Amino acid sequence: MKSLKSILAVKLADMGDALLIVPALRALKTAYPAARLEVLTTATGRAGLDGLPYIDQLLVFDKYQFDSPGSAFSPQKAGQVAGFMGNLRLKKYDAIIFFHHFSLRWGLLKYRALATASGATWRVGLDNGKPLASFLNVRVQDKGFGTDGLTERDYWRQLVEALLQSCPGQPFIYDESPEIAIAEADKAQAVRLRREIIGDDSEQPVIALGPGGGGYSLTRRWPAANFARLADMLVQKYRAKIVILGSADEQILADQIRAQTSEKAAIVSLAGKTSLKELAAFLEDCDLLIGNDGGLAQLAGISNTSAVVIFGPTNSIAWSPFGTETGRVKIGQAEMDLPCRPCLYRGQNLGSRLGCAPRPCLTTITPPQIFQIAQELLVEQLLKHKSRRNV
């Protein structure tokens, strides 16, 4: 059996989801070191994966322009798709691996078309029993989002293992640790930002807030008033400096939170003011992140930063952030029993993107509850930072 010479990994998703496939990509390159590994992703996914040494090329495709059949089959876009598919065909991949659940019929059709265009002999993906998924010839059973305790990372690891069983390479080595490539310039900018925010007070804790969570589902957001109250509690108890992080689209949200606080002098916003890599570097020297489920939660895990991640309607098992296994990252959820939770990513279905109007899965989570979880992490983290800064 000939060895693989080229592999296309597909993850058309935002930055947070793209970061979850990093251990699997590293395992792929370790298993097939001579193979060229290319990754097809979105522009935001590329921002998280760019610079990793085991990726030979990143291909960017704007999937959001093709989220419905009507948009995909317009004359202008049909030509764009045809050109893109033709270029894939010329690359003559040996294997294509889909880091996706095939939950929607239209999505499944798109991925089937990608597999055909790639010309790959080995077509690896999750099998949910749908007839349209018959194009896969290396399959891992899709038991559903979070079913049997399986995280998304668990599924992606299983896909690499399945490919190795079908097309043997080097011995399977899987390192769960996350990774992001940060340039020295990004680290230097993070140092400057920290100095501007807290000056020379090395004892003052810096706590980041991530009140956004991406644009896919705004129902994941814990209320802004709760973040404001929590910020006041942290300033009053720990004399903390609060830094609100997020994208440019979340600047208004950050301003709303700061406007509702009573400790405005201790609260600053960097929302929309940093690149992704600068943000990751800045998080490395924060004492704690408190935020919603989303890309920032994954960045905290990668940056080795303690975090409290608030989960409401989304699946906390499937999207368990890096660091939860060691207890460095803790999950905050409504304490009541809610049989409707999760309503987003439930079983083998996407579920409800908008959730329900009352959203008790979020609204019953109180600032004191999150503050208590934060204290458990913060006390130990402050001792570590104090020791390091005094060296």
Side-chain angles (χ1 to χ4, degrees), residues 13-17 19 43-44 47-48 64 193 196-197 206-235 240-276 278-280 282-283 286 288-300 303 305 307-314 316 319 321 331-334 344 352-371 373-374:
D14 287 335
M15 178 266 294
D17 285 346
L19 291 172
T44 55
Y64 305 105
L193 287 172
E196 291 173 6
I197 290 168
V206 176
I207 300 175
L209 298 184
Y216 176 72
S217 175
L218 301 185
T219 59
R220 294 184 293 181
R221 291 181 176 179
W222 197 42
N226 286 354
F227 274 108
R229 185 183 173 199
L230 177 64
D232 285 339
M233 295 171 70
L234 291 165
V235 173
K241 195 72 175 184
I242 306 296
V243 185
I244 305 174
L245 304 177
S247 65
D249 294 336
E250 294 164 348
Q251 286 178 305
I252 294 176
L253 174 62
D255 292 341
Q256 290 173 344
I257 292 171
R258 189 173 183 276
Q260 295 180 69
T261 63
S262 60
E263 302 286 350
K264 292 180 178 57
I267 300 169
V268 298
S269 172
L270 290 181
K273 298 178 182 178
T274 63
S275 69
L276 173 67
E278 290 169 351
L279 187 55
F282 183 82
L283 274 173
C286 286
L288 184 69
L289 168 74
I290 304 173
N292 299 319
D293 162 43
L296 271 178
Q298 302 301 344
L299 273 184
S303 302
T305 302
V308 181
V309 182
I310 301 168
F311 275 86
T314 45
S316 61
W319 272 269
I331 291 174
Q333 286 185 295
L344 184 59
S352 174
R353 184 171 178 175
L354 299 178
C356 66
R359 284 189 296 160
C361 58
L362 272 178
T363 56
T364 61
I365 302 174
T366 66
Q369 177 188 340
I370 300 301
F371 181 76
I373 301 173

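Quick caveat, the model's predicted, so the values are computed rather than measured.
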Looking only at atom types and distance, does a side-chain atom of [X] sit under 3.5 Å from a main-chain N or O of [Y], one as donor and one as acceptor?
X: T305; Y: L283; value: yes
X: Q298; Y: G295; value: no
X: Q251; Y: K273; value: no
X: E263; Y: D232; value: no

*asked:* Evaluate S316 against Q333 for side chain to side chain contact (heavy atoms under 4.5 Å, CB included), listing each step before the verdict.
replied: CA-CA 9 Å; S316 61; Q333 286 185 295; 3.2 Å; yes
Distance from [X] atom [atom1] to [Y] atom [atom2], nearest 0.5 Å?
X: C286; Y: L245; atom1: SG; atom2: CG; value: 6.5 Å
X: L344; Y: D293; atom1: CG; atom2: CG; value: 8.5 Å
X: I207; Y: L288; atom1: CD1; atom2: CG; value: 5.5 Å
X: L19; Y: L276; atom1: CG; atom2: CG; value: 7.0 Å

Can you check whether [X] reaches [Y] side chain to side chain, under 4.5 Å on heavy atoms?
X: I257; Y: I267; result: no
X: I242; Y: F227; result: no
X: R221; Y: L253; result: yes
X: L279; Y: L296; result: yes
X: I290; Y: W222; result: no
X: I244; Y: E250; result: no

Of all the heavy-atom pairs spanning [X] and [Y], show the shortest one and how long it is.
X: L299; Y: A280; value: CD2-CB, 3.9 Å
X: S269; Y: A254; value: OG-CB, 3.4 Å
X: P211; Y: N292; value: O-ND2, 2.8 Å
X: A265; Y: R258; value: N-NH2, 4.5 Å
X: L289; Y: L209; value: CD1-C, 4.1 Å
X: I370; Y: G332; value: CD1-CA, 4.2 Å

Could you walk me through whether F282 and L270 satisfy the side chain to side chain contact (heavy atoms under 4.5 Å, CB included) test, starting with their C-alpha distance in whole Å, then the side-chain angles of each, then the deciding distance to 0.1 Å, before giving a yes or no?
CA-CA 10 Å; F282 183 82; L270 290 181; 4.2 Å; yes
Expected list for residues 354-368: side-chain donor-acceptor pairs under 3.5 angstrom, two or more places apart:
residue	atom	partner	partner atom	Å
R359	NH1	T219	O	3.0
T363	OG1	P358	O	3.3
T363	OG1	R359	O	3.0
T364	OG1	P360	O	2.5
T366	OG1	Q369	N	3.2

